[in-house]
Amino acid sequence: MPSSLADLAERFRITNGKKFRLKDVDPGDTGKLKSPEKATELLRESVRLMSEFQEKLYAQDRWALLLVFQAMDAAGKDGTIKHVMSGVNPQGCEVSSFKAPSDLELDHDFLWRTAKALPERGRIGIFNRSYYEDVLVVRVHPEFLAGGKLPPKLITKGIWDERFESIRAFERHLARNGTVVRKFFLHVSKAEQKKRFLARLNEPEKNWKFSANDVKERARWDEYQDAYEDMIRHTATKDAPWYVVPADNKWFTRLVVASAIIETLQSLDLHFPKVDKAKLRELAEAKDSLMREK
Ligand code: ATP
Ligand code: MG
C-alpha cells in the first residue's frame, strides 16, 4: 500500500479518548489531497487491495471484522459503505441497519439485537448505525428511555457511564474472541449538512432521501455533538478504536475509511490455508482422473 494511504487513516484514529475534543477535528480536512482526482485513483487501488485481503480472510476462516458506522444524517454513511465495499465479494460481507428498536428488542438489554447481527468468522460485518444509538439518540431524547421497558429504578444519572462500561467490555470480549472491531464517526459540519438537506429538497431524484424528522434532529445539533464527543472519550480503545473521519468532502471520507480497513486487514497477517501432503495427493489424483477421461 502506498505509504501516503497508510498515513491517511492513522491521523484520525483515536485509541485513547481521554483528551479527545471534537472541535479539534475539521470536517473539511482533506489532508495533503487537494482534489478528488488523486483520491479516486487511490480509492480504486484500495478497493482492489481490500478484495484481495477479504478473499484470504474468508479462506482462512478465523477472524471476523466488524465495521461500525455512526454519523449525523446526510454525513454520507450509505455512500461510503457502498463505495468502499464495492470490490468485496457480497458473500463475504453483510450490512445490518439499526433503526428504532422493535417491541421485541425493547424486551431485552440494549446489546441483544447486536449479538444476532455479528459477522461470522471469515466475514466482514457492517453496522449502519449500531448499539451506539443507545448513548446518542437515546441520550439526546431521554423520553425514549422513559418510554422503553427498563425498570425506572435503573434509570439513573450514571446510566451513560454504565452503558459505556458495558460497551467497552463487550468490544473487548469480541476482540478476545477474534472479532476485530473498528468504528467510524463520519464528522460532517452543520453548514454542509444544510447544503445536503437542501439538495435533497431541490433535486427530484434526491427527494426520497429527505425526511422531515432529520431537520428536527438538526435542531438538537449541539446536544448530538456533545453526545458524540462523550461517546468517543469513553469508548475509544486500543481494541476498538474510533476513526473520526472528516465528512464534508465525500471523496476524502471514503478514502480514509478504505485506508483504515486496509490497515486493519493488513495487521491480521492473513494468508490462504496451507495445503498439506494428503490434500496434494488428492489434488493430483483428481487431476489424473480428469485427464484420463475420454
Ligand atoms: P439512516 O437515517 O441511518 O440513513 P434511514 O433514514 O433509512 O437510515 P430511519 O428510519 O431514519 O432510517 O432509521 C434510523 C433512525 O433510527 C435514526 O433516527 C436513529 O436515531 C433511530 N434509532 C436507531 N437506533 C435507535 C435506538 N436504539 N433507539 C432509538 N432510536 C434509534
Ligand atoms: Mg434517517
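Note that ligands are numbered from 1 as they come in the structure, with each ligand's atoms numbered from 1 the same way. The first residue in the sequence is number 1, and the count goes up from there. Note: hydrogens, waters and symmetry copies are ignored here, and every other heavy atom, side chains too, is used.
For ligand 1, the atoms sitting less than 4.0 Å from at least one non-hydrogen atom of A100 are 16 (O), 21 (C), 22 (N), 23 (C), 25 (C), 30 (N), 31 (C), numbered in the order shown with element in parentheses. Short contacts between ligand 1 and V138, defined as distances under 4.0 Å to a heavy atom of the residue, involve ligand atoms 28 (N). Under a 4.0 Å criterion applied to the non-hydrogen atoms of D134, ligand 1 contributes the atoms 27 (N). The contact set between ligand 1 and R113, taken as ligand atoms under 4.0 Å from a residue heavy atom, comprises 24 (N), 25 (C), 26 (C), 27 (N). Listed by number with element, the atoms of ligand 1 under 4.0 angstrom from any heavy atom of F144 are 29 (C). Atoms of ligand 1 lying under 4.0 Å from any heavy atom of D73, numbered from 1 in the order shown and given with element: 2 (O).
Ring-centre distance between F69 and F127: not below the 6.0 Å cut-off. Ring to ring, F185 and Y228 are close: their centroids are under 6.0 angstrom apart. For W112 and Y131, the gap between ring centers reaches or exceeds 6.0 Å.
When N213, V137, L106, N128 are ranked by how near their heavy atoms come to atom 29 (C) of ligand 1, first place goes to V137. Of all the listed residues (E133, E217, K216), E133 holds the heavy atom that lies closest to atom 19 (C) of ligand 1. Between K99, Q70, R129, it is R129 that holds the heavy atom closest to atom 17 (C) of ligand 1.
Defined by atom type and a distance below 3.5 Å, a donor-acceptor pair is missing between the side-chain atoms of T40 and W251. Inspection of the S130 and Q70 side chains reveals an N or O donor paired with an N or O acceptor under 3.5 Å. Between the side chains of R254 and T80, no donor-acceptor pair of N or O atoms lies under 3.5 Å. D248 and S189 share a donor-acceptor pair across their side chains, judged by distance under 3.5 Å alone.
In H141, neither the side chain nor the backbone holds a heavy atom less than 4.0 Å from any atom of ligand 1. Residue contacts with ligand 1 for K77 involve side-chain atoms from C-beta outward but no N, CA, C or O (heavy atoms, distance under 4.0 Å). Using a 4.0 Å cut-off between heavy atoms, F110 makes no contact with ligand 1 at all. Under 4.0 angstrom from ligand 1, there are no non-hydrogen atoms of D214. Heavy atoms of L136 found under 4.0 angstrom from ligand 1: none, in either backbone or side chain. Residue E105 does not touch ligand 1, judged by heavy-atom distances below 4.0 Å.
Atom 6 (O) of ligand 1 is never approached by the protein to below 4.0 angstrom, counting heavy atoms only. Proximity of atom 1 (P) of ligand 1 to the protein is indicated by at least one non-hydrogen atom lying closer than 4.0 angstrom.
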Using side chain to side chain donor-acceptor pair (under 3.5 Å), reason through Y224 and E229 one step at a time and then give a plain yes or no. CA-CA 9 Å; Y224 269 107; E229 184 175 83; over 6 Å; no
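One hydrophobic cluster, built from ILVMFWY side chains closer than 4.5 Å, cannot hold both Y243 and V68; they sit in different ones.
More than 12 heavy atoms of other residues, nucleotides or ligands shown are found within 6.0 angstrom of NZ on K34.
L174 is listed as a side-chain neighbour of L118, based on a closest heavy-atom distance under 4.5 Å.
If you check which protein heavy atom lies closest to atom 28 (N) of ligand 1, you get P101 CD, 3.3 Å.
Between R21 and D230 there is no salt bridge, since no side-chain N of the basic residue sits under 4.0 Å from a carboxylate O of the acidic one.
Heavy atoms of S211 come nearer than 4.0 angstrom to ligand 1 in no pair at all.
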